[in-house]
K.L.:
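Before I ask anything, let me first share the structure, which is written out below as structure tokens.
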Amino acid sequence: MSDAATPTPSRTPDSGPAHRYTAALAEAIETRWQTWWDENRTFVQPNPGDPGFDGARPKFYCLDMFPYPSGAGLHVGHPEGYTATDIICRFRRMKGFNVLHPMGWDAYGLPAEQYAIQTGVHPAITTRRAIDTFRRQLKRFGFSYDWTREFATIDEDYYRWTQWIFLRLYNAWYDEERRTARPIDDLIAEFRAGTRPLRYNPKAAEYAHAPGVTANTIAGPWDSVDYETRRSIVDSYRLAYVSEQLVNWCPKLGTALANEEVIDGRSERGGYPVVRKPLRQWMMRITAYADRLIDDLAGLDWPESTRTQQAEWIGRSEGAEIDFPLLDPDKSITRTLRVYTTRPDTIFGATYMVIAPEHPLVATALEEARPETDIDAVEAYIARAKARTDVDRQADTKTKTGVFSGIMAVNPATGMEIPVWIADYVLMGYGHGAIMAVPAHDERDFEFARQFNLPIRDVVLSRIHWAMAYFAKNATDDERTGDTWSTHLADFLGLVTSTNAEPDHMPTLLARVRATRPVVGAAGGGGAGAGAGSGDAGVGKRGSTQGEWLETIASMGFASLDDLRNAFAEGTIVERFGIAYSGAGHAINSANAEVSLDGLSTADAKQRIIAWLDQKGIGRKKINYKLRDWLFSRQRYWGEPFPIVYDERGFHFPVHESKLPVTLPPLEDFKPEESEDPQPLLAKAKDWMRTTAAQVGVADLPADAIVRRETNTMPGWAGSCWYYLRYCDANNQSRFIGKPAESYWMTGRVATSHERPIPTPIGGVDLYIGGNEHAVLHLLYARFWHKVLFDLGDVSTPEPFQKLFHQGLITSYAYQRADKGLVAVDMVDNKGTEEKPRYIARDTGEEVTQITAKMSKSLKNVVNPDDVIADYGSDTFRLYEMYMGPLEASKPWNTRDITGLFRFLQRLWRLTVNEETGSLRLAPDTSADSNAHAQIEKLLHRTTAKVEQAIEKLSFNTGIAALIELVNAATSSVGAENGPGLTRAQLERLALILCPFAPHIAEELWSKLGHTSACSLAPWPAVDESMLRDSEVELPVQVQGKVRARITVPADADDAAVTAVALAEPKVAELLSGKPPKKVIVVKGRMVNIVL
RNA sequence: GCCGGAGUGGCGGAACUGGCAGACGCGACGGAUUCAAAAUCCGUUGGGGCUCACACCCCGUGCAGGUUCGAUUCCUGUCUCCGGCACCA
């Protein structure tokens, strides 16, 4: 710990009164109430239909993010969010809500398995052990979870339903017209009836390059098509499907990883290298939901940053796809190259094309002899691109590499022949794996063009360039002569920028500039004074900006205005500047016999060119996404098995619902092989793998047909995709969630049928708190599953989580050398004072600076919650974590500060309990009339109101500050010597408003007050509004915005009365020195400001 | 590079919608209690000036401007730090 000086309170009260609030007493109180709550089932929340359920109460579903029970146990970061949700839940219960506040374990997945491998013990054992540790630690905090709803993803009772949901996805397809998922049987029925043409799913990426299949190939009537084709067509629509994919294979982990689990070409877990490898994998067609996943974000109460991150991850962009004709070796045109672009308006500037190294056209280039193709170079480049891992590929995005394919294309807008290059800066996975390169208006194309000397042609001008071009073209002889042209141009540009002028205003503006300058100024020689100070209002700040513009013009390096004009005419301005212009502007050099974009704004130019392309049949509007389908299989052991079997032909069949769960076989050897040649681990369980159609309930096969089970397992995300639903009805044996429970906890209504239209709010969980590390992955996957279940009628809301909140990271102190190297906390001494610390590294003796850093073992700054609770108790721990600062902010753990909250509880205890006898110290009710008690009474109402608001705003630190103020006031106004501070009625209410924050001490006081039922379930005290207002208020009196005096006036005094009192103040009168004030501003109940 | 968020005393932080900057806690300093210490309690505590003192004055919310009677809060520019994304055409 950073502060060895912090005193630790004695754990045994060997000195001092017997009933002092020490760590030992706190522990005794806390464990007593934790046991009491357990035994009395205080926080068990009945469901609709259960005995004791009160449907008249509003519901509040408050969820903590599913913890991963690691072997290391709880970390101080965990209880931060949990304490926050606990406070709100306790508050809501007291406010009369039915509160669903559950906890469970996300127990499958790589970390648990890696840990098991390290320790050599079976993951089931290590995971169960870790869960026990987590549960024990959590219980010690006194969180008000309904533990009867606890489960782990590894429970057969749970993953049975995870498999069931997988089958729901497997047996569903996305109907693009209706924008909803539907049962696959509907699709088959439509195919069979002929109401839907039998063809491959045009959106199915996995069939995009299937031989002989185009988007429009119709296979014919259902009955005329063979079984295999029918199957593969139907499969192309399934939301869960198998595909041979280039996946991120991590040899070290022995598994494929989702794109999201790969960071900078390395595995998110462990940081091992990842290579691209084709593998047969289960996929989830999340791309079908891309639009809805973006659109529905708008209705959610989520942090802006998280919504942005999700939207960017999905990456919707609007543009066009365009077919560029390709020249065959004999110069005829039989093929086209399709590209995607967001800037179709720049097509006149497309001077070359680029295809990804994996593009199918590469094979064409190699197969068809073209004298221009350097076959060796192309092959070498492709081989290199293939061998390059993503790490290398992303490491140097600065230098572009590529090779000419030998193929020429035709720019359909200009009619020019342009070369097709192969380069790895174009990615096969996005768009069509091919681009039209517009070097003048795309940074990457620009770099590439420079590298390989490809032509660069301006087709869009920014406002400034447009103005320059206009000036160059329209300058008078006088304006273009000698050196003065730059001065004149500078004046014009200054005016153009200050008025944000569009191109059609250029003539007017130029006329204005001419009107304000003596035309004979040519002799001035371009000095800075030429246009300055001419004082015309319309020209504005011309004088001050002229200098800057002159510099800009000089830096362009044009010898004369004619040079400048020529550069525009040739379209080489971008090249001259050496930087691509990728912003919006106005088109130039963009016209052919049929269409002209010249002068159009970028937005208008896009529309015009798309219309033209559309009419020619060579292009169309197109929306593209970065989001790709979700890779859903892993080759590891510790995950949910797929409910899928294969027959001898290799066709997949779903295991029948009645045969679920497909249990994980008990493997002895669960270590993955570190391999380039992937083999799922479950393939080792030979007996488990082999079964019969009857045993798994596949009716489409003969009962005794031998089938083998799928040996991949589901990814770690699977279990956390729907756990919030299971909590609603955790012990349901016949369904994944019962209808009444789902309807009540997700929508607040008890209903038995699926509800349409969409309820508001659109998400079911009322408050979801967790770290922002899950901003994209977990939250996106869970939303996707939820939407599928919604479409299929299994749940009532289109979104799972209405309100989301991220708690900040709890950091710790560490030390940093001048060379940025970090030094562990135990290697540093403070050789200075507290005020002026000088931190010295013990080994080198150099001075280091204190910084905040993530807690880590290597920095020795990890805080173990068990230790803190042992030293202070969990009430103090809870208060400290909530008092550190705003919940969403990341903040440093400072052990030294905990004592402040401990003292607060001690002061409260001493105020109300006789430390010698342990009995209550209460002021007699008759003393309630005294002035001191009246003041406490008023403060108590105000504190109650403040605490209530603070909890609603999740601003716990200010709520606790208010409680401290109340206790301090009660302690000092009545005081220990003058007798007890609070009456019974006052202490009751204090216990109640403290209860959400420090529930144990609150229960203890509550029971000492004679109550036999739980404080935690008692009604929240009412606030008397009249107690919140004072009859008199003190107002500051400002003169010219500075406080010069204070006045006390009745709270309801009108402005005139307040003004009179303020002006009568001697200090104010002195400053006015007899003159009447120009103006007096009275802000009711706030302040008075007098303007002289 | 792009997108978010944040810069306030020695430290963590507070300040409702533009209205008394620094609530509350820590630390520090002084005092009470104590044989002494711990614990506890009371007082002081943004910086500077001036005064015996009370009072009073000036400066102050990363930096430079602007709007306003009045700006931590709104606007423009700029610096720094943190988080996320990153060859997505």
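In what follows, chains carry the letters A, B, and so on, assigned in the order in which the sequence lines appear, proteins first and then strands, with residues in each chain numbered from 1.
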K.L.:
A:Lys400 has a side chain; which of B:rG19, B:rC87, B:rG25 sits nearest to it?
P.N.:
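Minimum distance to the A:Lys400 side chain belongs to B:rC87.
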K.L.:
Hey, does A:Met884 reach any base, or is it just sugar-phosphate, or nothing, if we go heavy atoms under 4.0 Å?
P.N.:
sugar-phosphate
K.L.:
Select from A:Gly885 and A:Leu627 the residue whose nearest nucleotide in RNA chain B is closer to the 5' end of that strand.
P.N.:
A:Gly885
K.L.:
Is there a donor and acceptor pair closer than 3.5 Å between the side chain of A:Lys1078 and the base of B:rC69?
P.N.:
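No, the side chain and the base share no sub-3.5 Å donor-acceptor pair.
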K.L.:
What's the closest nucleotide to the side chain of A:Arg903 if the choices are B:rU40, B:rC85, B:rC57?
P.N.:
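Looking only at side-chain atoms, A:Arg903 lies closest to B:rU40.
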K.L.:
So, do A:Arg1044 and A:Lys1042 sit near enough that their side-chain heavy atoms are less than 4.5 Å apart?
P.N.:
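Contact flag for A:Arg1044/A:Lys1042 side chains = yes.
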K.L.:
Return the nearest nucleotide to the side chain of A:Pro1036; candidates are B:rC20, B:rC24, B:rC11.
P.N.:
B:rC20
K.L.:
For A:Ile435, which contact category applies under a 4.0 Å heavy-atom criterion: base, sugar-phosphate, or nothing?
P.N.:
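Here A:Ile435 touches the bases of the nucleic acid.
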K.L.:
Just to confirm, is there a sub-4.0 Å distance from OP1 or OP2 of B:rG4 to any side-chain nitrogen or oxygen of A:Gln309?
P.N.:
no
K.L.:
According to a strict under-4.0 Å criterion, is A:Asn957 in side-chain N/O contact with OP1 or OP2 of B:rG25?
P.N.:
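No, A:Asn957 has no side-chain N/O under 4.0 Å of OP1/OP2 on B:rG25.
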K.L.:
Hey, what's the ring geometry for A:Tyr872 with A:Phe902, parallel, tilted or perpendicular (30° and 60° as the breaks)?
P.N.:
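Plane angle over 60°, so perpendicular.
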K.L.:
Regarding A:Thr306, tell me which of base, sugar-phosphate or nothing describes its non-hydrogen contacts under 4.0 Å with the strands shown.
P.N.:
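If one applies the 4.0 Å heavy-atom cut-off, A:Thr306 turns out to touch nothing in the nucleic acid.
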K.L.:
Take atom CD of A:Glu915 and atom P of B:rA39, then tell me their distance rounded to the nearest Å.
P.N.:
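Answer to the nearest Å: 15 Å.
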K.L.:
For A:Asp445, is there an ion pair with A:Lys400 - N to carboxylate O distance below 4.0 angstrom?
P.N.:
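A salt bridge is absent here (no side-chain N lies under 4.0 Å from a carboxylate O).
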K.L.:
Where does B:rG10 land, syn or anti, once you apply the within-90°-of-0 test for syn?
P.N.:
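Here the answer is anti: the torsion falls beyond 90° from 0.
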K.L.:
Is the phosphate of B:rA14 approached by A:Lys946 (side-chain N or O, under 4.0 Å from OP1 or OP2)?
P.N.:
no
K.L.:
Determine the contact category for A:Asn1089: base if any of its heavy atoms lies under 4.0 Å from a base atom, sugar-phosphate if only primed atoms, P, OP1 or OP2 are that close, otherwise nothing.
P.N.:
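Base contact.
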K.L.:
Name the stems that RNA chain B belongs to, where each is three or more consecutive Watson-Crick or G-U pairs with both distances under 3.5 Å?
P.N.:
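Ordered by first number, the stems with RNA chain B (at least 3 consecutive pairs each) read B:1-7 with B:79-85, B:10-12 with B:24-26, B:27-32 with B:40-45, B:46-49 with B:56-59, B:62-66 with B:74-78.
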K.L.:
With rounding to whole Å, what would you report as the distance between B:rU17 and B:rC26 at their P atoms?
P.N.:
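28 Å, rounded to whole Å.
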K.L.:
Hey, does the side-chain of A:Arg896 have a donor or acceptor N/O within less than 3.5 Å of a partner on the base of B:rC11?
P.N.:
no
K.L.:
Report the distance from atom OH of A:Tyr813 to atom P of B:rG10, rounded to the nearest whole Å.
P.N.:
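Nearest whole value for this atom pair: 14 Å.
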K.L.:
Sticking with atom P, work out how far B:rC56 lies from B:rU40, rounded to a whole angstrom.
P.N.:
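About 36 Å, rounded to a whole number of Å.
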K.L.:
Quickly work out the A:Ile422 CD1 to B:rC87 P distance and round it to whole Å.
P.N.:
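So the two atoms are 21 Å apart, to the nearest Å.
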K.L.:
Just to confirm, is there a sub-4.0 Å distance from OP1 or OP2 of B:rA89 to any side-chain nitrogen or oxygen of A:Tyr430?
P.N.:
yes
K.L.:
Rounded to whole angstrom units, what separation is found between the NZ atom of A:Lys891 and the C1' atom of B:rA14?
P.N.:
15 Å
K.L.:
Out of B:rC57, B:rG25, B:rG13, which nucleotide sits closest to the side chain of A:Lys1067?
P.N.:
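Nearest listed nucleotide: B:rC57.
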K.L.:
If you take all heavy atoms of A:Leu804 and A:Pro303, which pair is closest and at what distance?
P.N.:
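Shortest heavy-atom separation between A:Leu804 and A:Pro303 comes out as O-CD, 3.3 Å.
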K.L.:
For B:rA21 and B:rU61, measure between their P atoms and round to the nearest Å.
P.N.:
12 Å
K.L.:
Just by distance, no angles: are the side chains of A:Arg907 and A:Asn968 close enough, under 3.5 Å, to form a donor-acceptor pair?
P.N.:
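There is such a pair (donor and acceptor under 3.5 Å, judged by atom type) between the side chains of A:Arg907 and A:Asn968.
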K.L.:
What nucleotide among B:rC69, B:rC57, B:rG25 has an atom nearest to a side-chain atom of A:Lys1079?
P.N.:
B:rC69
K.L.:
Would you measure the distance from the P atom in B:rA38 across to the matching atom in B:rA28 and give it in whole Å?
P.N.:
11 Å
K.L.:
Of the options B:rG12, B:rA89, B:rC41, whose atoms approach the side-chain atoms of A:Ser317 most closely?
P.N.:
B:rA89
K.L.:
If you measure from the Lys or Arg side-chain nitrogens to the Asp or Glu carboxylate oxygens, is any gap between A:Glu80 and A:Lys891 under 4.0 Å?
P.N.:
yes
K.L.:
Rounded to the nearest Å, what distance is computed from the CG atom of residue A:Asp1055 to the P atom of nucleotide B:rC69?
P.N.:
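In whole Å, B:rC69 P lies 18 Å from A:Asp1055 CG.
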K.L.:
Kindly indicate whether the side chain of A:Asp897 and the base of B:rC26 share any N or O donor-acceptor pair separated by less than 3.5 Å?
P.N.:
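A donor-acceptor contact between them is absent.
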K.L.:
Determine the interplanar angle of the A:Trp421 and A:Phe448 rings, folded into 0 to 90°, and report it as parallel if under 30°, tilted if 30 to 60°, perpendicular if over 60°.
P.N.:
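Plane angle over 60°, so perpendicular.
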K.L.:
Between A:Ala962 and A:Pro886, which residue's closest nucleotide on RNA chain B lies nearer the 5′ terminus?
P.N.:
A:Pro886
K.L.:
Can you figure out which of B:rC3, B:rC24, B:rG19 approaches the side chain of A:Val1083 most closely?
P.N.:
B:rG19
K.L.:
Are A:Asp345 and A:Lys606 ion-paired here, with the side-chain N under 4.0 Å from a carboxylate O?
P.N.:
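No, this pair does not count.
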K.L.:
Expressed in whole Å, how much space separates the P atoms belonging to B:rC58 and B:rG5?
P.N.:
37 Å
K.L.:
I need the CZ-C1' distance between A:Phe902 and B:rU40, as an integer number of Å.
P.N.:
12 Å
K.L.:
Taking the P atom in each of B:rG83 and B:rA32, what is the distance between them to the nearest angstrom?
P.N.:
50 Å
K.L.:
Checking contacts here: which listed nucleotide (B:rC3, B:rA86, B:rA89) is nearest the side-chain heavy atoms of A:Trp313?
P.N.:
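When the side chain of A:Trp313 is considered, B:rA86 is the closest of B:rC3, B:rA86, B:rA89.
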K.L.:
Angle class for the A:Trp909/A:Tyr21 ring planes (parallel below 30°, perpendicular above 60°, tilted otherwise)?
P.N.:
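Judged by the thresholds at 30° and 60°, the geometry between A:Trp909 and A:Tyr21 is tilted.
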K.L.:
Atom CG of A:Asp442 to atom C1' of B:rC2: distance rounded to whole Å?
P.N.:
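Checked: the CG to C1' distance equals 14 Å.
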K.L.:
Taking CG from A:Leu337 and P from B:rA89, how many angstroms apart are they, rounded to a whole number?
P.N.:
17 Å
K.L.:
Mind checking the P distance from B:rA71 to B:rC3? Whole angstroms is fine.
P.N.:
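The answer is 31 Å between these two P atoms.
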K.L.:
Classify A:Gln1038 by what it touches in the nucleic acid, base, sugar-phosphate, or nothing, heavy-atom distance under 4.0 Å.
P.N.:
base
K.L.:
Counting any heavy atom closer than 4.0 Å, what does A:Arg907 reach on the DNA or RNA strands: base, sugar-phosphate only, or nothing?
P.N.:
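Sugar-phosphate, no base atom in range.
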K.L.:
Taking only the side-chain nitrogens and oxygens of A:Asn968, find out if one of them lies under 4.0 Å from OP1 or OP2 of B:rG25.
P.N.:
yes
K.L.:
Is the ring pair A:Phe877/A:Trp893 parallel, tilted or perpendicular, if the boundaries are 30 and 60 degrees?
P.N.:
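Plane angle between 30° and 60°, so tilted.
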K.L.:
Of the nucleotides B:rC58, B:rC87, B:rA89, which has the atom closest to the A:Arg1044 side chain?
P.N.:
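Side chain of A:Arg1044 sits closest to B:rC58.
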K.L.:
Give me the distance, rounded to whole Å, that separates B:rG13 from B:rG7 when you measure between the C1' atoms they each carry.
P.N.:
13 Å
K.L.:
In terms of side-chain heavy atoms of A:Tyr425, which of B:rA23, B:rG19, B:rC87 is nearest?
P.N.:
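For the A:Tyr425 side chain, the nearest candidate turns out to be B:rC87.
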K.L.:
Tell me whether A:Arg450 is salt-bridged to A:Glu447, with the criterion being a basic N under 4.0 Å from an acidic carboxylate O.
P.N.:
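Salt bridge absent between A:Arg450 and A:Glu447.
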